Amino acid sequence: MDYNFKDIEKKWQQYWREHHTYKCDVDANRPKFYVLDMFPYPSGAGLHVGHPLGYIASDIFARYKRLKGFNVLHPMGYDAYGLPAEQYAIQTGQHPEITTNQNIARYRDQLDKLGFCYDWNREVRTCDPKYYKWTQWAFLQMFKSYYNTKLDKARPIDELVAHFEKHGTKDCNAHTTSSDEFTADEWNNMTQVQCNDVLMNYRIAYLGNTMVNWCPKLGTVLANDEVSEGVSVRGGFPVEQKMMRQWCIRVSAYAGRLLRDLENVEWTESIKETQRNWIGYSEGAEVTFPIADSDKSLLIFTTRADTIFGVTFMVLAPESMYVDEVVTSEQRAAVDAYLDEVKHKTERERMIEKKVSGVFTGSYAVNPITGKNIPIYISDYVLAGYGTGAIMAVPAHDSRDYAFAKHFNLPIIPLIEGADVSEESFDAKEGIMINSSNERLQLNGLNVKEAIARTKQYIEESGIGHVKVNYRLRDAIFSRQRYWGEPFPIYYDENNQPQPLDENELPLVLPEVDKFLPTETGEPPLGRAKNWVTADGHPLELNTMPGFAGSSAYYLRYMDPHNDEALVSHEANDYWRQVDLYVGGTEHATGHLIYSRFWNKFLYDYGYICELEPFRKLVNQGMIQGRSNFVYRIKDTNTFVSLNLKDKYDVTPIHVDVNIVDKDALDIEAFRNWRPDFENAEFILENGKYICGWAIEKMSKSMFNVVNPDDIVDRYGADTLRLYEMFLGPVEASKPWDTNGIDGVNRFLKRLWGLFFKDDTMQLTDEKPSAEALKSVHKLIKKVTGDIESFSYNTSVAAFMICVNELLSMKCRSREIYEPLVILLAPFAPHIAEELWHVLGHDTTVCDAQWPTWNEDYLKESVVNYGVSFNGKSRYTIEVPADADEEEIKRLALADAGAERWLAGKEPKKIIFVKGKLVNIVV
RNA sequence: GCGCCUGUGGCGAAAUUGGUAGACGCGCCAGACUUAGGAUCUGGUAACUCCGGUUGUGUAGGUUCGAGUCCUAUCAGGCGCACCA
């Protein structure tokens with residue numbers, strides 16, 4: 001009986017399903033372990049061979065933890081809302097739900113074939129009303145909250161209202177988008193509508209006028225992480241800046257905590273660094289510059305307070321709210337013309353041009369330290385969204401200010417000794433200050449670091465400003481003008497004021513529409529829905545939520561997926577707590593992983609959940625690239641020439657489907673049948689074969705290099721695929737897929753099978769295993785245990801191969817030996833392990849076995865080889881008894897015939913005995 | 001420009017964390033069994049070599065009895081951020 005993976009895999013997959021082998025529940029008597037994969041967006045293309053890499057790695061870990069006695073939560077679900085399904089719906093008129101369900105069915109089918117140990121009872125789909133009820137619920141909580149900067153957490157907005165009633169904005173400690181201040185009296189005299197408008201500036205989920213990334217082609221706004229280099233990440237369409245009233249989430253209030261708590265998670269340094277970059281901490285000062293001949297002033301942010309003596313002009317962002325305050329009537333026309341010009345430039349155009357532009361406002365500001373008047377300009381190199389949207393320009397020590405100053409012929413005052421600013425600015429934060437003292441502040445002679453500190457101190461003391469930390473992280477824009485997303489649980493009252501739906505009206509189910517396009521009047525697709533109103537006739541919000549809404553708390557929902565009373569019960573959350581191991585790609589570093597952490601912290605603030613961070617350990621699996629194959633057609637013929645002969649001809653390389661190529665040899669018949677124009681193809685062969693060329697490229701349909709896991713499973717079985725994907729290299733590394741090596745892994749499984757069966761007879765006996773065999777297996781136990789803990793699956797697979805080869809050459813047939821071996825193999829190749837487990841006489845699943853431990857006694861050797869080196873250069877090997885002490889080994893090393901030759905009569909200076917089974921003799 | 005990561009055979013990669021570099025697999029070479037092999041099995045496979053050895057982990061230095069591993073500089077590739085004041 002040969003190793004028949006087809007029957008075995010089918011049989012055990014069915015067994016696991018029927019026995020609910022992977023179902024898990026809260027069990028206070030057992031320690032828990034939560035292993036999670038980033039849930040996929042079910043695209044129409046299905047899985048390719050790269051997708052399961054992370055799933056296999058996490059599956060191995062989940063199975064291992066279970067064998068170690070942990071109660072393992074290992075769920076899977078679908079991030080089902082998304083653009084491709086909607087785009088497809090627009091083209092075909094088919095409801096995105098239909099496409100999505102088809103794709104999910106396909107994914108499920110593909111995943112099932114790979115033998116994962118998911119508890120499918122816990123599956124979630126973001127587009128399921130039972131699921132998105134809790135997405136909407138969380139949004140409502142955010143709507144009803146503000147961020148208290150003193151307590152550093154979210155609090156009910158009612159508490160803020162109570163504060164306003166008593167004290168106005170004084171000491172309210174609220175994170176806000178507005179700079180307006182008011183007294184209790186003013187607040188109490190406001191109308192309800194006015195109050196609501198004011199509160200909107202404080203809510204964690206708020207409706208705000210913000211500059212958004214507007215993608216005309218997609219007809220929607222996008223979050224910052226959905227835009228890259230001025231085009232949309234999905235689709236690659238141009239994105240422009242536009243002022244719009246949109247739902248936003250006050251993620252920026254959590255910037256400090258998002259940054260700080262990175263210390264406490266086990267993520268790779270590069271992902272943490274990416275997040276730190278994205279959050280963008282910078283410590284500086286806000287300083288007020290009065291406007292000359294006016295009672296108004298400009299508030300600016302700077303990290304270079306030390307350069308305040310070199311400020312020769314001020315610059316406002318074109319969108320700055322200061323613009324209208326400072327433009328003089330003489331300059332009005334020029335400013336308007338400039339603003340108009342800027343507005344019509346897309347983000348992309350601004351980036352590409354990079355040319356200096358700007359306009360004088362006509363007003364002057366007063367430098368609060370020197371008292372000098374300096375002109376105020378407007379330029380698009382200043383960003384409205386960062387700091388205060390206004391800067392003090394120090395051309396001598398900032399390259400952007402320098403370029404601007406040169407262009408407009410503004411003075412440049414060097415402030416650092418030895419800095420030559422005739423050609424370029426001196427941006428480095430080092431050197432000794434000059435030109436920086438007067439009766440108020442003396443910086444001359446200090447170094448830059450001291451000067452910054454001194455200036456900050458002065459700014460605080462003199463009241464012209466204050467020390468301030470700024471973050472680059474912006475609030476997340478939360479509205480999408482799309483159909484296929486979660487509806488907002490918001491309606492608009494008589495005054496067109498947004499109001500929250502009552503929680504018991506959730507879920508607010510996505511309505512049907514006749515088309516998935518915006519309305520004729522330009523409203524989002526939900527504008528087409530009939531009766532899209534509350535019970536008492538108020539219109540409902542027409543926007544839907546973005547993709548990250550549904551994916552931000554799904555890991556919590558898995559803990560308690562069928563609960564209709566809460567997102568997650570306290571009981572379930574207290575038990576499962578947080579994800580212990582999260583596996584997924586790096587592409588979510590600035591999106592999902594920030595939003596999830598924010599969402600988690602918000603829920604934590606209210607005590608809905610018990611952990612500060614959602615994902616304790618994060619492993620990023622690498623991307624699997626494609627390995628394309630080429631055939632070489634001789635120009636203007638239908639003749640193809642093999643790789644190593646192609647240089648003799650004038651050829652064009654043509655991508656050929658990798659599925660009709662094996663070890664770079666082309667299946668000529670299959671090629672002729674592949675496409676009609678190759679039907680009569682002729683070939684120039686080498687050694688009777690047609691050898692294809694190859695290249696590493698992205699795996700994509702157009703390169704014909706997509707390898708479908710279904711095909712591999714069909715040909716080699718899921719166990720071989722699982723082992724091979726792990727054997728390919730470290731899980732974290734990106735690497736090309738190359739089916740060529742898979743035979744080696746497949747052979748290993750066949751050999752293992754051959755240890756159990758010869759022809760149809762079971763070979764195992766009850767004889768006692770030899771010391772050699774015990775050593776081999778216990779070495780394996782030790783190695784594999786260590787490898788799994790450290791995620792080095794590739795070396796584990798190698799260790800299995802070595803062990804099986806050793807047992808094979810020992811002709812070991814002892815049943816006792818194979819018990820632990822099969823358990824070790826179970827995480828990697830669950831089907832064959834399950835089969836062999838039953839062959840060994842067990843009638844329960846191998847998933848419930850106990851992970852073996854190794855016995856050091858078996859690993860001891862009777863004779864040990866030691867290398868002997870002279871001055872670190874390896875020379876010869878000696879054999880010593882295993883129980884020899886250091887002195888004895890040194891003596892034997894010197895006594896060896898080789899030593900005489902290398903010492904050449906000299907006395908050794910010293911002899912170093914090292915753990916790596918090496919004796920080093922220094923001469 | 002700033003930050004992070006990675007450089008080891010023909011290829012994917014190992015290396016007990018400072019201790020005999022190249023485990024394991026692919027490929028290749030030779031052999032065995034076969035009517036046949038895109039099956040299976042056995043042996044070999046870093047380079048050079050006067051067969052004693054010598055040289056080898058991107059490059060150049062340094063620390064050390066000893067460096068793929070640590071330090072300094074440099075080159076190359078990948079990723080992230082990028083008018084963030």
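In what follows, every chain begins at residue 1, and chains take the letters A, B, ... in the order their sequences are listed. A quick note: this is a predicted structure, and the numbers were derived from the prediction, not measured. When reading the values below, keep in mind they use all heavy atoms of this one structure, side chains included, and skip hydrogens, waters and symmetry mates.
- Scanning all heavy atoms of the two residues, the minimum distance from V382(A) to A317(A) falls at O-CB, 3.2 Å.
- Side-chain contact between S776(A) and M810(A) is present, with heavy atoms from C-beta onward closer than 4.5 Å.
- Contact between the side-chain N/O atoms of Y386(A) and the OP1/OP2 oxygens of A85(B) is found at a separation under 4.0 Å.
- Rounded to whole Å, the distance from CG on L723(A) to C1' on C24(B) is 13 Å.
- Heavy atoms from other residues, nucleotides or ligands lying under 6.0 Å from CD of E424(A) number 12 at most.
- Between Y793(A) and F791(A), the ring-plane angle classifies as tilted under the 30° and 60° cut-offs.
- A close approach under 4.0 Å does not occur between any side-chain nitrogen or oxygen of T274(A) and OP1 or OP2 of C81(B).
- Looking at heavy-atom distances under 4.0 Å, R472(A) makes contact with a base.
- Of the possible polar contacts, none joining the N746(A) side chain to the T720(A) backbone as a donor-acceptor pair under 3.5 Å is found.
- A salt bridge does not link D743(A) with R747(A): none of the charged nitrogens is closer than 4.0 Å to a carboxylate oxygen.
- The nearest whole Å value for the distance from the CZ atom in F301(A) to the C1' atom in A85(B) is 8 Å.
- The interatomic distance linking I374(A) (CD1) with A85(B) (P) rounds to 19 Å, in whole Å.
- Counting to the nearest Å, the P atom of A23(B) and the CD atom of E806(A) are 15 Å from each other.
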Encoded 5' to 3' (Watson-Crick or G-U under 3.5 Å; [ ] crossing; | other strand), RNA chain B becomes (((((((..(((......[....)))((((((.......))))))(((....)))..(((((..]....))))))))))))....
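- Using the six-membered ring where Trp is involved, W753(A) and Y3(A) have ring planes that are tilted, between 30° and 60° apart.
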Review item, nucleotides 25-30 of chain B N/O atoms under 3.5 Å of protein N/O:
{"unit_1": "C26(B)", "atom_1": "OP1", "unit_2": "R747(A)", "atom_2": "NH2", "d": "2.2"}
{"unit_1": "G27(B)", "atom_1": "OP1", "unit_2": "K663(A)", "atom_2": "NZ", "d": "3.4"}

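- A gap of 42 Å separates the P atoms of U6(B) and G52(B), to the nearest Å.
- Judged by distance alone, the side chain of T307(A) and the main-chain N or O of V394(A) form no donor-acceptor pair under 3.5 Å.
- Base orientation of G52(B): syn, the glycosidic angle falling within 90° of 0.
- Taking atom C1' on both G18(B) and U57(B), the two are 15 Å apart, rounded to the nearest angstrom.
- Counting any heavy atom pair closer than 4.0 Å across all strands shown, T268(A) reaches no nucleic acid atom.
- OP1 or OP2 of C81(B) has not a single side-chain nitrogen or oxygen of R276(A) nearer than 4.0 Å.
- With a glycosidic angle no more than 90° from 0, G9(B) adopts the syn conformation.
- For the P atom pair drawn from U35(B) and U45(B), the interatomic distance equals 32 Å after rounding to whole Å.
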Given protein heavy atoms under 4.0 Å, the one-letter contact record of nucleotides 14-20 of chain B, with B base, S sugar-phosphate only and - none, is simply S--S-BB
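- A salt bridge is absent between K775(A) and E806(A); no separation between the charged side-chain nitrogens and carboxylate oxygens falls under 4.0 Å.
- Atom NE2 in H592(A) sits roughly 18 Å away from atom P in G80(B) (whole-Å rounding).
- Closest approach to the D380(A) side chain among A85(B), C83(B), G38(B) is made by C83(B) (side chain taken as heavy atoms from C-beta onward).
- Although no hydrogens or angles enter the test, the distance criterion places no donor-acceptor pair under 3.5 Å between the side chain of D2(A) and the main chain of N4(A).
- Between H778(A) and Y858(A), the ring-plane angle classifies as perpendicular under the 30° and 60° cut-offs.
- Atoms CD (Q625(A)) and P (G12(B)) sit 11 Å apart, rounded to a whole Å.
- At least one test fails for R276(A) against the ring of W267(A): distance under 6.0 Å to the centre or angle within 45° of the axis.
- To the nearest whole angstrom, the two C1' atoms, one in G12(B) and one in A82(B), are 35 Å apart.
- Enclosure of atom CE in M623(A) is not indicated, since only 12 or fewer non-hydrogen atoms of other residues, nucleotides or ligands lie within 6.0 angstrom.
- As rounded to whole Å, 18 Å separates atom P of G80(B) from atom CD1 of I279(A).
- Residues K910(A) and A733(A) each lie close to RNA chain B; by heavy-atom proximity, the contact nearer the 5' end of the strand is made by A733(A).
- Comparing atom distances between the L383(A) side chain and each of A23(B), A85(B), G3(B) picks out A85(B) as nearest.
- Look at the C1' atom in both A46(B) and G22(B): the space between them is 8 Å, to the nearest Å.
- For U40(B) and U34(B), the C1' atoms lie 10 Å apart once the distance is rounded to whole Å.
- Spacing of P atoms, U55(B) relative to C70(B), comes out at 24 Å, to the nearest Å.
- For the C1' atoms, the distance from G9(B) to U16(B) is 23 Å, rounded to whole Å.
- Comparing T302(A) and S270(A), the nucleotide of RNA chain B nearest to each residue sits closer to the 5' end for S270(A).
- Distance from the side chain of N277(A) is smallest for C81(B) among the nucleotides A85(B), C81(B), C83(B).
- Note: H397(A) and F426(A) have perpendicular aromatic rings, judged against thresholds of 30 and 60 degrees for the angle between ring planes.
- If you take CG of L473(A) and C1' of G80(B), they are 16 Å apart, rounded to a whole angstrom.
- Of all nucleotides listed (U40(B), A85(B), C24(B)), U40(B) comes nearest to the side chain of K750(A).
- U69(B) takes the anti form, because its glycosidic angle lies more than 90° either side of 0.
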